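Some notes on the structure that comes next.
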2 protein chains.
Amino acid sequence: MTSFTEENYLKIIYLLTERHNGNEVSTNQLAEHTQTKAASVSDMLRKLAEKNYINYRKYQGVTLTDAGEQIALGVIRKHRLWEVFLVEKLGFGWDEIHDIAEQLEHIDSKELTKSLDDFLGNPKFDPHGDPIPDSKGKMPSVSYQKLSDIPLNQSVVMMGVSVHSPSFLQHLDKNQITLGCTLKIREISEFDKSYSILLDEKNTIFVSNEVARNLLVQMQES
Amino acid sequence: MTSFTEENYLKIIYLLTERHNGNEVSTNQLAEHTQTKAASVSDMLRKLAEKNYINYRKYQGVTLTDAGEQIALGVIRKHRLWEVFLVEKLGFGWDEIHDIAEQLEHIDSKELTKSLDDFLGNPKFDPHGDPIPDSKGKMPSVSYQKLSDIPLNQSVVMMGVSVHSPSFLQHLDKNQITLGCTLKIREISEFDKSYSILLDEKNTIFVSNEVARNLLVQMQES
DNA sequence: ACAAAATTTTAGACTAATCTAAAAAAATAT
DNA sequence: ATATTTTTTTAGATTAGTCTAAAATTTTGT
């Protein structure tokens, strides 16, 4: 059996490892993301290592074993499916769903996950553009680029975000930046590196460098 | 804050009190329904009494206070709404939903409960015929009778069940007894008190006395 | 290369929820 | 009406997950 808490640790280790391109996750990072103290994390890592869910060398950080990764992917799959449900069926905004999905992701029922997936039409991406692991526990690979790495005047499609905070998402809403919209960088300010962007070939909008770095985009039709 | 465990105790106390027409619930009964030992229940009762969720006199059993009842009704409301979701939207059978709803009932989000309720069309009954408490925490009163208390040849409508075990529900499925069907008792066997029943004015079926005692029915059109 | 700083682990303690065993109270049966 | 049985509570332990404080290890800065 895997407890609620263990599932959370495994999920966070997966997501942080992914963010670090496969590099080990540190104790302090985990403490930050689990909202606990480093000492508590150390204890939990010992326990997860005993269960063979993580590769753990003291002081050297951790990565997931295959067993741990399967559990993490199952939780992430549920999280993202529920997020689709909340937005597509219940009408929530993409900025309102994270905390609810954090709870729903731990509901334990193979049949429920299967039925929910079918009910939603077997979606491949969640409302933030993140890929949904398949039922076999495989994470689809995606290759998005930061908008800030795209050259001037190259048309790209908005595919995802690398920050999920409500305030960031609400900021995008205000600027009418949604998944699937077209973006073309017109100019980068010499002064503050902020961006002037043509949105959907129609309106020009201005976004900070920080926004541009957290928008994930793709060249037309891939 | 009310923990998952406390919510469960309060819910069970509510349901058992209801079953006993408002009489106190005993420690042993709670132990049975919480799958724990009497000693553990005693501890929890002390704690719930301290929080003013129950009226507790040692050795005398417990009832809920208004505060405790509100929490219990909130949990029961969520449980029954999720059951409707599982059957109406995901296609589960009424015999498959209890364990999943036991988990979903503890998801804590006012907005989610509200949206789910609307999504489902504000249902008043769950798939077993049990009434769904309203958003103000009021349980609708229903007046059903046991089929076994109905006179011969009186047409009644099937409204609910007083046992929720999968095996009982599957037994009803096999006999095509569903919520809303019409039942008319034709004969009660001298020998084993089993029932011969006219179903939907068409087929005659035979059910045991035990089944008849656990079917809740109502006179036509009330 | 080594001292200082930062990070991580260990030690010992706490809380929530559970348990077993024993004591206390209530119910029952002759 | 009192002895026996049943039920309930208390006492003392256990486990999971957390904490603070102190010790151990690694990293950083000169």
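Values below: every heavy atom of this structure, side chains too, minus hydrogens, waters and symmetry copies. Residue numbers start from 1 in every chain, and the chains themselves are labelled A, B, ... in the order their sequence lines are given, proteins ahead of strands. All values reported here derive from a predicted model rather than from experimental measurement.
The side chain of Y9(A) approaches dT18(D) more closely than any other nucleotide in the set dT9(D), dT18(D), dT8(C).
Residues from residues 55-65 of chain A placing a heavy atom under 4.0 Å of any atom in DNA chain C, listed by number, are Y56(A), K58(A), Y59(A).
Between R46(A) atom CZ and dA11(C) atom P the separation is 10 Å, expressed in whole Å. When the C1' atom of dT18(C) is taken as reference, atom CG of L45(B) falls 14 Å away, rounded to whole Å.
Note on ring orientation: taking the six-membered ring where Trp is involved, the planes of H79(A) and H98(A) are tilted (angle from 30° to 60°).
A salt bridge links D117(B) with R77(B): at least one charged nitrogen is closer than 4.0 Å to a carboxylate oxygen.
S42(B) comes within 4.0 angstrom of a base, heavy atoms only. Residue contacts shown for T27(A) are limited to sugar-phosphate atoms, with no base heavy atom under 4.0 Å away.
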Restricting both atoms to N or O, compile the protein contacts to nucleotides 20-22 of chain C shorter than 3.5 Å, with distance only.
{"residue": "dT20(C)", "atom": "OP2", "partner": "K37(B)", "partner atom": "NZ", "Å": "3.3"}

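Between the side chain of K78(B) and the backbone N or O of I107(B) there is at least one donor-acceptor pair closer than 3.5 Å.
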**OP:** Mind running ring pair (Phe, Tyr, Trp, His ring centres under 6.0 Å) on F92(A) and F85(A) for me, showing each step along the way?
**Re:** CA-CA 9 Å; F92(A) 281 90; F85(A) 171 73; 8.9 Å; no
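Phosphate proximity of dT6(D) to N28(B): absent, as no side-chain N or O sits under 4.0 Å from OP1 or OP2.
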